[in-house]
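These numbers come from a predicted model, not from an experiment.
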Number of protein chains: 2
Amino acid sequence: MSVQEIEPGRRERKRAETQARIAEAAARLAGEHGIAATTVDDIAAAAGIGRATFFRHFDSKELAIATGLSDVGAHVLADVIRAVPADLGPLDAIRAAYAHLGENFDELRPMFLEQALLSRSSSVLFAWTLHLYVDWETAIAAAIEPRFGDLAEADPRPRMLGALTMAAARLACDVWVAGGGHGDLPALIQTHLTSIDLAPAHLTPGVS
Amino acid sequence: MSVQEIEPGRRERKRAETQARIAEAAARLAGEHGIAATTVDDIAAAAGIGRATFFRHFDSKELAIATGLSDVGAHVLADVIRAVPADLGPLDAIRAAYAHLGENFDELRPMFLEQALLSRSSSVLFAWTLHLYVDWETAIAAAIEPRFGDLAEADPRPRMLGALTMAAARLACDVWVAGGGHGDLPALIQTHLTSIDLAPAHLTPGVS
DNA sequence: CAGAAGATGATACTGAGTCTCACATTTCTG
DNA sequence: CAGAAATGTGAGACTCAGTATCATCTTCTG
């Protein structure tokens, strides 16, 4: 009850800022000099912290890089989903969010391509990228949950749809990168997302 | 054209055997003493090879452990899918394969639970487990591909369905582990797999 | 059987990740 | 507002993962 009034704790905010600074430095240095040539000491120095502090924020070098690479482009999806008209169903909301994110894709294209190539250049980094995807899955699931009208207790659908969304993004990105980064990535993601038809009518009754 | 006649190369077979021996030793030692307490030297010694040879077979300690953990239970899915009646559609084939694998699940339950807990006990190991899942995705996609009647060039459906299958397995396993490993894991996977209804009719026309 | 190609083990080296400790900063409490 | 408690920080030491090199041995090819 003295200096800080509105804030939700000064420590937490500083911590988040430091974390973002580390991730940004990690991704930038890895992009400039390559992953192998970027040491934790370099990243820590660039972020203005000590080496020990680095590991208090990230479990590994690769996780910091992966976080820095994707903070720019992906975790925002959950926020966009929340901002989309409330009368859209879960899947439609995701599609609308991707459409919204794709609007100024051309500006971001070079950055996206560089990040996609980098995260696929090392299997360690790719593994950590996949680990991050699980976090986003959870975030997406939480964001679309209110849009299910008939949600039972412990309903698997939000999580499954979150996983499906991230899978669509990842596989579409694979195709996009294989094509040299030309082509419309957001549209590719939408194509992937809506490619499979899992209507109950297609299930053969009696199979197990 | 002297001693080896039928074999597909002696080198390749030995290499596969060594790899399996390493993975088995890695998973066993990690299960007995924990991941942190298991060094690459230990694993190499237990597998009867030198330290340098270990890294010629696996990119990391965690990948070897993850491979050893899951070789027992999951990569076989693709083979089972191929063995299932040819007139079943892609999704039905996957469901039938899970049903088949679930038949003697009770015997394997303790092993599955131990492995699931272990792979979730360390975020590094979990990241590498996710990395393996991508390989399985690909294997599953290849196995169900012939079951799509109308497959276009570079059709995303097999890969998407592969990803969906692995997501269902992973998320169901999360729920299963959270419930203490009681409950019917194969049935949980099936529930997850068929939970989301992605019929085209549900897509609102005009949403971007 | 001889040479090519590849696998192996030993060794040395870099750097990731962990731990501990002294010190600084923030938050809590009276 | 002060002092206490809790938490964040950097520095240094240490273990071990992961890489590179080289001599030796095994497997394939003709």
Please figure out whether A/His57 or B/Asp41 has its closest DNA chain D nucleotide nearer the 5' end.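 Result: A/His57.
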Check whether [X] reaches the backbone of [Y] with its side chain - one donor and one acceptor, N or O, closer than 3.5 Å.
| X | Y | answer |
| --- | --- | --- |
| A/Ser122 | A/Leu118 | no |
| A/Trp176 | A/Gly183 | yes |
| B/Thr53 | B/Ile49 | no |

Check the distance between [N]'s [atom2] and [X]'s [atom1] and give it to me in whole angstrom.
| X | N | atom1 | atom2 | answer |
| --- | --- | --- | --- | --- |
| A/Phe55 | C/dC19 | CZ | P | 12 Å |
| A/Leu29 | C/dA16 | CG | P | 12 Å |
| B/Trp128 | D/dG18 | CH2 | C1' | 11 Å |
| A/Lys14 | D/dG8 | NZ | P | 11 Å |
| A/Glu62 | C/dG17 | CD | C1' | 11 Å |
| A/Ile49 | D/dA11 | CD1 | C1' | 14 Å |
| A/Arg13 | C/dT26 | CZ | P | 11 Å |
| A/Glu12 | C/dT25 | CD | P | 20 Å |

Between C/dT8, C/dG15, D/dG18, spot the one nearest the side chain of B/Thr18, thanks.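 My answer, after comparing the listed nucleotides, is C/dT8.
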Considering only C/dT8, C/dA10, D/dA11, which nucleotide approaches the side chain of B/Arg15 most closely?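 It is C/dT8.
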Does a nitrogen or oxygen in the side chain of A/Lys61 sit under 4.0 Å from OP1 or OP2 of C/dG15? no
So, is B/Thr53 close to the C/dG9 phosphate, meaning a side-chain N or O under 4.0 Å from OP1 or OP2?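 Affirmative; the distance criterion is met.
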Does the base of C/dG15 carry an N or O that pairs as donor and acceptor with the side chain of A/Arg51 under 3.5 Å?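 Looking at the base of C/dG15, it does not pair with any donor or acceptor on the side chain of A/Arg51 (distance under 3.5 Å).
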Which sits closer to the 5' end of DNA chain C, A/Thr38 or A/Arg56, going by the nucleotide each is nearest to? A/Thr38
Strictly below 4.0 Å, N to O, side chains only: are B/Asp174 and B/Arg120 in salt-bridge contact?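 The answer is yes: the pair qualifies as a salt bridge.
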Does a side-chain N-to-carboxylate-O contact under 4.0 Å join B/Asp41 and B/Lys61?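 No salt bridge links B/Asp41 with B/Lys61.
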